[in-house]
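These notes concern the structure reproduced below.
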Amino acid sequence: MRITALVENRSDCELTPVHGLSLYVETKRHRLLFDLGPDGTMLKNAKKRGIDLGGVDTVVISHGHADHGGGLAAFLEVNRTAKVYIQRRAFEKHFSRALGFVKAPVGLDRKLMDHPQVVLLDGEYRIDGELLMFTVADTSKYPSTANRTLYDEKGPDTFAHEQNLMIMEEKNVLIMGCGHCGVVNILERARAYDPKVCIGGYHLMVPVTKKSVPEDILEGIARELAGYDMDFYTCHCTGEEAYRYLSRRVPGMRYLSCGESIEI
C-alpha cells in the first residue's frame, strides 16, 4: 500500500500547500482518494507527481467541511466513474465561528448531493473486503476544545456526519480526516479491526488563531496513544504545537506533510 499526501497544510517540496487534506492511496484492489481538499489544488499537485486522478475508482469524504470536500466539483470534472462515499448528514449546513465573529459557512456544495457518482451513507458501510467506513457515537474521551468553534443548523456540531476509513491488507490502516470525534474514541471504536497504522488529523488547533488545546487534553491523549502498538502519522488540523507535544510522548509518531508518501 502506498499513501501520498496531495493536500496538506505544510509542504517541504514542489507541491502547493493549502489548509485541508487529500490523501491518494494505492492498494491491491483500489486507487482511491481520502478527502479532496478545499478546491482544485489536489488536481495540480497530482499532475506534478504524474498521478492520474481519472484512474481513481473510489473516493471517501470524511465529513462535511469544505477543507475536506470542497474539491468535489473539481474532481467530478476529471473523473466520471469513481463512486464518492459520504455520510448523508455531511451535506447539512455547517458553520465556524472564532474570535466572536458571526458564523461563517464551512459546508459542502449541496447541489452535489444528488450527483450520480455520490453514494449517501447512514452509518457504517463496507465497500468490499478491503475497504470499510465507520462512524463513532461515543465522543466522551478527551473532546477537543477546538471543536467549540464549529456548528450545524441546530447548534454546536455533534459530528454525526464524520466517518473514518479502514483499509484491510497485511497491515490494517485506519485513516481519519479531522478526528473531530476524538482520536482516542476513534481508536477505541477501531479496535475491532486491529489497525497497525493510524493516519490523519486530530483537530487540536483552532485554524483561525493557531492556538492549541489545553495541555491537560494533550497529556490525556498522549497517554492513551502511547498504549497502542501502532505507527502514527498525523497532519493538517492537529497543529504543530500539539504535534510537538505528542511526538515527544508517543513512540512512532510522525508528521505527514504535502507531497510525502508512506509505504506500508
Side-chain angles (χ1 to χ4, degrees), residues 3-12 15 17-23 25 34-38 41 60-69 96 98 106 136 139 141-150 157 159 162-165 173-190 195 197-228 230-262:
I3 301 170
T4 301
L6 289 182
V7 172
E8 207 277 323
N9 301 30
R10 190 177 82 187
S11 177
D12 300 314
L15 300 196
V18 65
H19 179 84
L21 185 67
S22 181
L23 304 177
V25 185
F34 182 89
D35 285 340
L36 299 171
T41 300
V60 176
I61 297 180
S62 62
H63 61 294
H65 291 165
D67 54 334
H68 293 257
S96 174
V106 294
V136 174
T139 61
K141 288 191 175 180
Y142 306 107
S144 173
T145 54
N147 284 339
R148 295 176 184 173
T149 63
L150 298 166
D157 203 328
F159 305 107
E162 183 176 70
Q163 63 182 357
N164 309 279
L165 174 66
V173 176
L174 165 63
I175 305 182
M176 62 184 75
C178 274
H180 286 293
C181 290
V183 59
V184 173
N185 304 305
I186 294 168
L187 283 167
E188 288 193 356
R189 174 69 177 79
V197 180
C198 176
I199 302 169
Y202 306 156
H203 200 70
L204 299 176
M205 169 197 71
V206 178
V208 174
T209 64
K210 308 299 182 186
K211 186 177 180 180
S212 180
V213 301
E215 187 171 323
D216 62 324
I217 295 177
L218 295 177
E219 180 182 355
I221 292 173
R223 185 168 57 248
E224 294 277 352
L225 268 56
Y228 285 88
M230 188 180 300
D231 292 326
F232 291 94
Y233 296 87
T234 194
C235 54
H236 178 45
C237 55
T238 299
E240 296 199 15
E241 181 182 342
Y243 167 69
R244 286 194 296 271
Y245 186 98
L246 294 175
S247 63
R248 290 195 295 266
R249 293 162 175 81
V250 181
M253 175 169 284
R254 282 155 280 186
Y255 194 94
L256 179 64
S257 63
C258 188
E260 289 191 294
S261 295
I262 306 168

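This chain uses plain numbering: 1 for the first residue, then up along the sequence.
Counting only residues at least two apart or in different chains, salt bridge (charged side-chain N to carboxylate O under 4.0 Å, His left out) contacts with residues 236-246 comprise R10-E240.
To the nearest 0.5 Å, the span separating OH on Y142 from CG on D216 amounts to 9.0 Å. Rounding to the nearest 0.5 Å gives a distance of 5.0 Å between OG of S22 and CG of L6. Atom OG1 in T149 sits 7.5 Å away from atom CG in N147 (nearest 0.5 Å). C237 SG to H65 NE2: the interatomic distance, rounded to the nearest 0.5 Å, is 10.5 Å. Note that CD of E224 and CG of L187 are 9.0 Å apart. Values are rounded to the nearest 0.5 Å. Put simply, CD on E260 and CD1 on I262 are 8.0 Å apart, with the number rounded to the nearest 0.5 Å.
Scored by the ring-ring contact (aromatic ring centres under 6.0 Å, His included) test, H203 finds H180 as partners (sequence neighbours excluded). Taking the ring-ring contact (aromatic ring centres under 6.0 Å, His included) definition, one finds that Y255 meets it with Y243, sequence neighbours left out.
The minimum heavy-atom distance between A190 and P195, with the atom names listed, is O-CD, 3.2 Å. Minimum interatomic distance between E8 and L256 (heavy atoms only, all atoms of both residues): CG-O, 3.4 Å. In this structure, P143 and I217 approach most closely via the heavy-atom pair O-CD1, 3.6 Å.
Counting heavy atoms of neighbouring residues, nucleotides and ligands inside a 6.0 Å radius, atom CZ of R249 exceeds 12 of them.
Looking at I186 and E162, their side chains come closer than 4.5 Å, going by heavy atoms from C-beta outward. Annotation: side chain of L246 is not in contact with side chain of T234 (no heavy-atom distance under 4.5 Å).
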Check the pair I199 / L174 against side chain to side chain contact (heavy atoms under 4.5 Å, CB included), numbers first and verdict last. CA-CA 6 Å; I199 302 169; L174 165 63; over 6 Å; no

Worked check of side chain to side chain contact (heavy atoms under 4.5 Å, CB included) between I175 and V25: CA-CA 11 Å; I175 305 182; V25 185; 4.3 Å; yes

